[in-house]
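The residues of the chain are indexed from 1 along the displayed sequence. Quick note: numbers below take in every heavy atom, side chains included, and nothing from hydrogens, waters or symmetry partners. Predicted model, so just to flag it, every value in this text is computed and none were measured.
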Amino acid sequence: MKRSTALMALTLAILLTLFVAACEIEDDEDAQPPDDQGGDDVEDPRGEYFDPSQTGPYPIGHRTLYFENPDDTDMLGNPRQLCVEFWYPTDEAYRDAEQDRLGEFFGEWEEMVRSILSLLVSPEELDNFDLPTGAVRDAPPRAELDELPIIIFSHGNSGVRSQNYTMCNHLASHGYLVIAPDHTGNALFAPFPGSYVIYNILGMPASICQRQRDFSFLLDQCYKMNEEPGGLFEGRLDPERVGLVGHSFGGLTAVEAAKKDTRFRAAVDLCCYLIPSYPQNYQTATMFWLSREDNTMFDTDELIMLGYETAPAPKVMLEVLRGGHYSPTDACSFIPSLMGEGDGCGMGEYDETGDPFEFLPPDQAKFLLNTYLASFFGVYVKYDLRYVDDLINEWMPEEARLKFDLG
């Protein structure tokens, strides 16, 4: 039976408040958000409407870039380094080009990672390293597109930047630049040329603040890349139209970052409790994904609901009835025995009764995730009201309950 969560929820809220209150994230005073916030009286679409339930019209390119933040340090006092994946629309010439493999996200360390995982998972799961990514590595950004809105994705605690690659592909195909960092030290494995950094559980508390600094730093880099003469993204980005989405620990830190850095216009929390308090000037649109059969964030349903109830409008809540912690990820098609089996992949037991059930199939979970994200960001990042009907549509009413208050 599901245990009472009142005391646990209160304890978590107190601990999180203590940690997060210590984070000091400063706004970039030279890069203020636009006056318009999206919503009922704002429509400023920059491009065509695309059916959010379908793959967008653009083929997808992606590449790995490396950054050093001289204003932040790692646990050893060195300048913080980040390995970051960029997904974006590319030219038609690359629609049928050869895609790279999932294993290539680990760079030159792929064989080492495979060797280690061979001790833990089946050969069949290791074969997943050879699955196509759905995107063409190092393809150029699409020539005729500019003012691309930006989405930053944050992986879960001990996750990796590629854990939601199909979601990143979907958004890029709809005309977004999607950025996903390995949060160095809090990622399972962060690969760099000539070196790598593995997960450090002792650094998790500090990562609550450090992740938020990563988001603001990467947005600062987008401003610079947009203005860099001859650069890859010169004149192609719209850094005033920015959203955040995070899974688990990434969802918590994404929303907390939006509370402090007003340049983030929309934030999505996938499967994590939040601190149920918001600053008076909080104007970020917020979306929540609650997996009802989550076995990682167990007994925190009430706290997730409290995060939604106390959030100012606009806000959206999606309750996925047969969802597990890893349902809104690609874990089920990569290494489910380590991430996802019994918690979003395969079979589980209902918390309330103990009866066996099958988790929502991965293709249906991805459909929900991709459709609602493309709709939500369509309204609150692109500021295009043509996506409102999609956002408030119950696409799979037998599997997911929808709540919303668009203000």
When you look at E85 and R137, which way does the salt bridge (Lys or Arg N to Asp or Glu O under 4.0 Å) test go after all the steps?
CA-CA 10 Å; E85 204 69 26; R137 180 164 290 280; 3.4 Å; yes

Test: D220 and R263 ion pair at under 4.0 Å
yes

Where do F249 and I208 land on the side-chain contact (heavy atoms from CB on, under 4.5 Å) test, with the steps shown first?
CA-CA 8 Å; F249 192 41; I208 294 177; 3.3 Å; yes

To check you understand the geometry: which heavy-atom pair defines the closest contact between T296 and D294, and what is its length?
N-OD1, 2.8 Å

Compare all side-chain heavy atoms of H325 with those of N295 and state whether any distance is below 4.5 angstrom.
no

Test salt bridge (Lys or Arg N to Asp or Glu O under 4.0 Å) on E394 and R401 and set out the steps.
CA-CA 7 Å; E394 291 191 337; R401 299 169 181 163; over 6 Å; no

Kindly compute the distance separating CG (L274) from CD (E256), expressed to the nearest 0.5 Å.
7.0 Å

Taking the side chain from Y387 and the backbone from Y380, do they hold a donor-acceptor pair closer than 3.5 Å?
no

For the pair T329 (side chain) and Y326 (backbone), establish whether a donor and an acceptor sit closer than 3.5 Å, ignoring hydrogens and angles.
yes

Quick one: pull up OG in S53 and CE in M396 and give me the separation to the nearest 0.5 Å.
12.0 Å

Does some side-chain heavy atom of L406 sit less than 4.5 Å from a side-chain heavy atom of V379?
no

What pair of heavy atoms forms the shortest contact from Y282 to P312, and how long is it?
CD2-CG, 3.5 Å

Can we call the ring centroids of F357 and F359 under 6.0 Å apart?
yes

Mind checking whether Y58 and F50 have ring centres under 6.0 Å apart?
yes

Given R213 and D71, is the salt bridge (Lys or Arg N to Asp or Glu O under 4.0 Å) satisfied, shown in steps?
CA-CA 10 Å; R213 295 195 296 270; D71 298 322; over 6 Å; no

Rounded at 0.5 Å granularity, tell me how far CG in L82 sits from CZ in F67.
8.5 Å

Does A143 offer a backbone N or O that forms a donor-acceptor pair with the side chain of D91 under 3.5 Å?
yes

I would like to know whether E352 and R292 meet salt bridge (Lys or Arg N to Asp or Glu O under 4.0 Å); could you show each step before the answer?
CA-CA 10 Å; E352 294 291 342; R292 274 297 179 188; over 6 Å; no

Does any part of the side chain of V242, heavy atoms only, come nearer than 4.5 Å to the side chain of C222, both counted from C-beta?
no

In Å, rounded to the nearest 0.5 Å, how long is the span from CZ of F233 to CZ of F86?
6.0 Å

Give a yes or no answer on whether the side chain of T286 reaches the backbone of A267 with a donor-acceptor pair at less than 3.5 Å.
no

Residue pair D214 / T253, side-chain heavy-atom distance below 4.5 Å:
no

Heavy atoms of D269 and S248 approach each other most closely as OD1-O, 4.3 Å

Tell me, do C168 and R161 make a side-chain contact under 4.5 Å, heavy atoms counted?
no

Side-chain contact, heavy-atom cut-off 4.5 Å: R142 with Y88?
no

For residues 145-166, which residue pairs pass the ring-ring contact (aromatic ring centres under 6.0 Å, His included) check, not counting sequence neighbours?
H155-H183

Decide yes or no for Y49 and D390: does some side-chain heavy atom of the first lie under 4.5 Å from some side-chain heavy atom of the second?
yes

Using a 3.5 Å distance criterion without hydrogens, assess whether the side chain of T184 forms a donor-acceptor pair with backbone atoms of A190.
no

Main-chain N/O of R101 paired with D130 side-chain donor or acceptor, under 3.5 Å
no

Answer yes or no: are there more than 12 heavy-atom neighbours, outside Y196 itself, under 6.0 Å from its atom OH?
no

Looking at every heavy atom in both P279 and K259, which two are closest together, and how far apart are they?
CG-O, 3.6 Å

Separation between CD of E48 and CG of D384, rounded to the nearest 0.5 Å
11.0 Å

Within a reach of under 6.0 Å around CD of Q280, are more than 12 heavy atoms found that belong to other residues, nucleotides or ligands?
no

Is a side-chain N or O of H170 found less than 3.5 angstrom from the main chain of F367, in a donor-acceptor match?
no

Counting neighbours of CD on E98 that are heavy atoms of other residues, nucleotides or ligands and sit closer than 6.0 Å, is the number greater than 12?
no

For the pair K382 (side chain) and R241 (backbone), establish whether a donor and an acceptor sit closer than 3.5 Å, ignoring hydrogens and angles.
no

Assess the pair F129 and F334: is the distance between their ring centroids shorter than 6.0 Å?
yes

Charged N to carboxylate O below 4.0 Å: is that the case for E228 and K224?
no

Please check if the side chain of S207 supplies one atom and the backbone of G203 the other of a donor-acceptor pair under 3.5 Å.
no

Among T166, D100, N169, exactly one meets side-chain hydrogen bond (donor to acceptor under 3.5 Å, both in side chains) together with T133. Which residue is that?
D100

Here the gap from D238 atom CG to N226 atom CG, rounded to the nearest 0.5 Å, amounts to 8.0 Å

Neighbour count >12 (heavy atoms, 6.0 Å) for atom CG, L65:
yes

Across all chains, not counting sequence neighbours, the salt bridge (Lys or Arg N to Asp or Glu O under 4.0 Å) partners of D96 are none

Indicate yes or no: at least one non-hydrogen side-chain atom of F377 is less than 4.5 angstrom from one of I151.
yes

